[in-house]
Amino acid sequence: MKINRTFYQNNTLQVAENLLGKIIVREYNKQRLTAMIVETEAYIGKDDSACHAAKGLTQRTEIMFGEAGMAYVYFVYGMHYMLNIVTEEINFPAAVLIRAVEPLSGDDVMINNRNVRGKNISNGPAKLCQALNIDKSLNGWDITKGEKLWLEEHEAVSTFEIAHSPRVGIDYAKEIDRKAPWRFYIKNNPYVSKK
DNA sequence: CTCTCGATGTTCT
DNA sequence: GAACATCGAGAGG
């Protein structure tokens, strides 16, 4: 069953944790790819020096200031896309970064998109975007519409244990934000990006 | 397995 | 002009 907007209009830490085990669905060229979310990170507001919105309202960050349930896709390091989902209320800039997924169906297409096999298909934020053919054209896309890109409940999910840690790749942030345990992942899942 | 380093272009100063 | 929510190749153990 599709996840609706009220799920995302919530405390970002809760949404980040609750997204674990959910299914991400991507449709393009009449093909459907699905995967289970196994790792996320929360980026919360102007006071979070790791969050892009700490810079204030700019062309890049305006999506985060908008309605929950929108995709925030941005480009870094000159070659990688990152997929986030906007949370909280309008004018509170926050989002959850999807850092890793476990393929459920359409593996053959993902392998082709990535040109690798095994866990390297999708055990990282840029890798899963490449596997699912997500780029900047999906920035601002409403993921509650149930087209192109949306999320669903996982009916057959097995039980799992949730672990947390500081966020990855934010050396530029203040110490208090670097240390905040705002990364969530499914313990022992092989697709989690790092230990 | 580990570590180091280069790629590459958008964004904001 | 600097920095960047990363990845993969290559060298070494």
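In what follows, chains are A, B, ... by sequence order, proteins preceding strands, each numbered from 1. In what follows, every heavy atom counts, from backbone to side chain, and hydrogens, waters and symmetry copies are set aside.
Computed from coordinates, the Tyr74(A) OH to dA3(C) P distance equals 18 Å when rounded to whole Å. What separates OH of Tyr72(A) from C1' of dA5(C) is a distance of 9 Å, to the nearest Å. Computed from coordinates, the Tyr81(A) OH to dT11(B) P distance equals 10 Å when rounded to whole Å. Distance, Ile44(A) CD1 to dA5(C) C1': 14 Å, rounded to whole Å. Rounded to an integer number of Å, the gap from Glu39(A) CD to dA5(C) P is 16 Å. One interatomic measurement links the two molecules: NZ of Lys194(A) to P of dT2(B), which rounds to 11 Å at whole-angstrom precision.
Checking side-chain atoms of Ser49(A) against main-chain N and O of Ala54(A) turns up no donor-acceptor pair under 3.5 Å. A side-chain donor-acceptor contact under 3.5 Å links Arg26(A) to the backbone of Asn133(A). In terms of modelled atom types and a separation under 3.5 Å, the side chain of Arg5(A) and the main chain of Ala68(A) share a donor-acceptor contact. At distances below 3.5 Å, at least one donor-acceptor pair connects side-chain atoms of Arg167(A) with backbone N or O atoms of Asp177(A).
With respect to Glu152(A) and Lys22(A), no salt bridge is recorded, no charged nitrogen being found less than 4.0 Å from a carboxylate O.
Within the structure, a side-chain polar atom (N or O) of His52(A) is placed less than 4.0 Å from OP1 or OP2 of dA5(C).
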- prompt: When every nucleotide of nucleotides 6-12 of chain C is labelled 5' to 3' by its protein contacts under 4.0 Å (heavy atoms), B for base, S for sugar-phosphate only, - for none, what sequence of letters results?
  reply: BSS----
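A search for ring-ring contact (aromatic ring centres under 6.0 Å, His included) contacts involving Phe92(A) returns nothing, not counting sequence neighbours. For Phe7(A), there are no ring-ring contact (aromatic ring centres under 6.0 Å, His included) partners at least two apart in sequence or on another chain.
When heavy atoms are screened at a 4.0 angstrom cut-off, Lys136(A) is found touching the sugar-phosphate backbone but no base atom.
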Which donor-acceptor pairs under 3.5 Å do the side chains of residues 73-81 of chain A make with protein atoms, sequence neighbours left out?
none

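Here Tyr43(A) packs flat against the base of dA5(C); its ring centre is closer than 5.5 angstrom to the base's six-membered ring, tilted by less than 30 degrees.
No more than 12 heavy-atom neighbours from other residues, nucleotides or ligands sit within 6.0 angstrom of CG on Asp47(A). Environment of NE2 in His154(A): crowded, with over 12 heavy atoms of neighbouring residues, nucleotides or ligands closer than 6.0 Å.
Contacts between residues 55-67 of chain A and DNA chain C, defined by a heavy-atom separation under 4.0 Å, are absent.
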message: Pairs counted only when both distances fall under 3.5 Å, Watson-Crick or G-U: show me the 5' to 3' dot-bracket for DNA chain B, [ ] for pseudoknotted crossings and | for other-strand partners.
response: |||||||.||||.
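Under a hydrophobic clustering in which Ile, Leu, Val, Met, Phe, Trp and Tyr are joined whenever their side-chain heavy atoms come within less than 4.5 Å, directly or via other members, Trp141(A) and Ile98(A) fall into the same cluster.
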